[in-house]
J.: 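Dropping a structure here in structure tokens format, bear with me for questions.
Proteins get letters first, then strands, A, B, ... in listed order; numbering begins at 1 in each.
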There are 2 protein chains.
Amino acid sequence: MTTNAAPPTSGTDRFLAAELAGEASFLIARARSRGSALANDRLAPLGLRVRSYSVLSLACSGLRPTQRELAEFLSLDPSQIVALVDALEKDGQVQRIPDPSDRRSKLIEATPSGAALYARARALTCEAEDVSLGGLSATEKTEFLELLNKAAFPIG
Amino acid sequence: MTTNAAPPTSGTDRFLAAELAGEASFLIARARSRGSALANDRLAPLGLRVRSYSVLSLACSGLRPTQRELAEFLSLDPSQIVALVDALEKDGQVQRIPDPSDRRSKLIEATPSGAALYARARALTCEAEDVSLGGLSATEKTEFLELLNKAAFPIG
DNA sequence: TATTGTTATACTCTATAACTATA
DNA sequence: TATAGTTATAGAGTATAACAATA
């Protein structure tokens with residue numbers, strides 16, 4: 001053991017002492033930036049990105065969401081949902097089903113191809129998550145998910 | 001008390017049962033989307049956004065970061081830092097100081113005007129954070145920040 | 001040869017408003 | 001009058017590659 005055994009710091013650790021490092025909005029933004037970049041890399045071979053994956057995931061849930069519900073739950077604008085569903089539908093992964101009870105609405109449901117694609121994509125995003133949250137223990141991950149849920153879905 | 005006293009659900013709560021709602025990447029993306037939108041609204045009157053605010057914050061830290069250090073710590077590309085520093089410098093909030101020890105590098109430091117602006121901006125982002133994390137208790141917030149830190153800064 | 005800051009380019013994401021068809 | 005989906009557009013964010021100055 002020598003005196004110059006450097007700790008595995010990244011060079012900018014001194015900024016952890018800055019006020020910014022204590023702000024949730026910054027930490028969340030950084031975690032998202034890194035996490036989604038990693039997830040996008042993993043999903044790229046499947047022709048998906050995190051946003052299209054989230055739409056596909058709900059389309060596979062069996063809950064038959066309307067586009068409006070997708071927009072609300074994903075915190076995306078309805079016009080963005082149009083583009084995402086368009087791409088997935090053009091690719092044969094989901095289909096728009098007219099809502100029998102309201103002809104304005106369209107229910108989004110995955111095709112068999114979409115379900116198969118989702119199974120593969122889900123495995124990849126879980127892998128990416130394991131990497132992203134590699135610094136957390138199993139119990140910490142559980143606690144983190146609970147707190148994240150409260151932060152992502154305030155009030156109701 | 002009546003039988004139709006509806007709980008304060010938002011209409012898409014049934015999707016909380018979907019697999020997606022258990023994925024950290026989705027929850028982080030949603031929390032960031034909502035949180036940064038709120039923070040951007042608050043910062044707008046000051047001519048700042050969350051990204052320029054984060055640069056200004058580190059410029060005010062007294063740690064005299066180089067642009068490269070800003071890029072690494074903020075998880076932004078060096079070319080993005082150029083644009084952010086350009087705008088702040090043009091506005092008189094920060095200045096580029098030649099690094100005496102390396103003429104390639106430029107140290108980013110806030111001007112007095114920038115420091116005053118940061119003080120106001122910091123109050124606004126803290127307000128926004130209180131709103132965003134309103135569903136968390138004080139102890140939960142502390143725990144959340146610790147876990148967020150591990151998620152935002154893996155390994156080192 | 002490698003690194004810092006810079007410029008340029010293309011693509012993705014976000015925000016807004018207007019339109020249509022239904023309710 | 002209000003809502004679901006759609007279209008269009010502009011601005012913000014992200015990713016890459018190349019370049020000059022310096023190490």
Side-chain angles (χ1 to χ4, degrees), chain A residues 11-12 25-26 28-30 32-41 43-44 47-55 64-90 94-108, chain B residues 11-12 25-26 28-30 32-41 43-44 47-55 64-90 94-108:
Chain A
T12 53
S25 60
F26 161 66
I28 291 175
R30 194 183 201 273
R32 198 235 32 145
S33 171
R34 298 170 58 88
S36 69
L38 179 64
N40 279 334
D41 283 348
L43 290 173
L48 291 173
R49 295 179 64 80
V50 288
R51 280 157 83 252
S52 50
Y53 166 79
S54 68
V55 169
R64 297 168 65 92
T66 66
Q67 292 188 191
R68 212 75 192 187
E69 289 172 327
L70 289 174
E72 182 183 339
F73 193 72
L74 299 175
S75 273
L76 298 177
D77 192 85
S79 64
Q80 298 174 41
I81 300 295
V82 171
L84 292 166
V85 171
D86 277 354
L88 287 169
E89 188 178 46
K90 186 180 173 188
V94 305
Q95 52 190 148
R96 290 176 161 97
I97 300 176
D99 185 342
S101 67
D102 186 340
R103 280 188 296 175
R104 291 173 306 180
S105 293
K106 296 168 184 176
L107 309 177
I108 307 305
Chain B
T12 52
S25 60
F26 161 66
I28 291 175
R30 194 183 202 271
R32 198 237 28 147
S33 171
R34 298 170 57 89
S36 70
L38 179 64
N40 280 335
D41 282 349
L43 290 173
L48 292 172
R49 295 179 65 80
V50 288
R51 279 156 84 254
S52 50
Y53 167 79
S54 68
V55 170
R64 297 168 66 92
T66 66
Q67 293 188 190
R68 214 75 193 187
E69 289 172 328
L70 289 174
E72 181 182 339
F73 192 72
L74 299 176
S75 273
L76 298 177
D77 193 84
S79 63
Q80 299 174 41
I81 299 295
V82 172
L84 291 167
V85 171
D86 278 353
L88 287 169
E89 189 178 46
K90 186 180 174 187
V94 306
Q95 52 191 147
R96 288 175 163 95
I97 300 176
D99 185 343
S101 68
D102 186 340
R103 280 188 297 175
R104 291 173 305 178
S105 293
K106 295 168 184 174
L107 309 177
I108 307 305

J.: Please report the distance, rounded to the nearest Å, between CG in A/Asp99 and C1' in D/dG5.
T.: 13 Å
J.: Would you kindly give the CG-to-C1' distance between B/Leu70 and C/dT4, to the nearest whole Å?
T.: 13 Å
J.: Base contacts versus sugar-phosphate-only contacts with protein, heavy atoms under 4.0 Å: please encode nucleotides 13-23 of chain D as B, S and - from 5' to 3'.
T.: SBSB----BBS
J.: When the distance from CD1 of B/Ile108 to P of C/dT4 is rounded to whole Å, what number comes out?
T.: 14 Å
J.: Work out which heavy atom in A/Arg32 is nearest to a heavy atom in B/Ala29; give both atom names and the distance.
T.: CG-CA, 3.7 Å
J.: Which pair of heavy atoms, one from B/Glu69 and one from A/Gly11, lies closest together, and at what distance?
T.: OE2-O, 4.5 Å
J.: I want to check something: taking the side chain as every heavy atom from C-beta on, are A/Arg34 and A/Arg30 in contact at a cut-off of under 4.5 Å?
T.: yes
J.: Could you tell me the separation between the CG atom of B/Leu38 and the C1' atom of C/dA15, rounded to a whole number of Å?
T.: 16 Å
J.: Please determine whether a side-chain nitrogen or oxygen atom of B/Arg96 lies at a distance below 4.0 Å from atom OP1 or OP2 of C/dT6.
T.: yes
J.: Just how far, in rounded Å, is P of C/dA15 from CG of A/Leu74?
T.: 14 Å
J.: What closest approach, in Å, do B/Phe73 and A/Thr12 show between heavy atoms, and which atom pair accounts for it?
T.: CD1-O, 3.7 Å
J.: C/dT4 C1' sits how many Å from B/Leu107 CG, rounded?
T.: 12 Å
J.: Distance check needed: C/dA23 C1' versus A/Arg68 CZ, whole Å only.
T.: 13 Å
J.: Do A/Arg49 side-chain atoms and A/Ser36 backbone N/O form a donor-acceptor pair below 3.5 Å?
T.: no
J.: Which residue in the set A/Pro100, A/Ser105, A/Pro98 passes side-chain contact (heavy atoms from CB on, under 4.5 Å) when paired with A/Asp102?
T.: A/Ser105
J.: Can you check the B/Phe73 CZ to C/dT4 C1' distance for me, whole Å?
T.: 20 Å
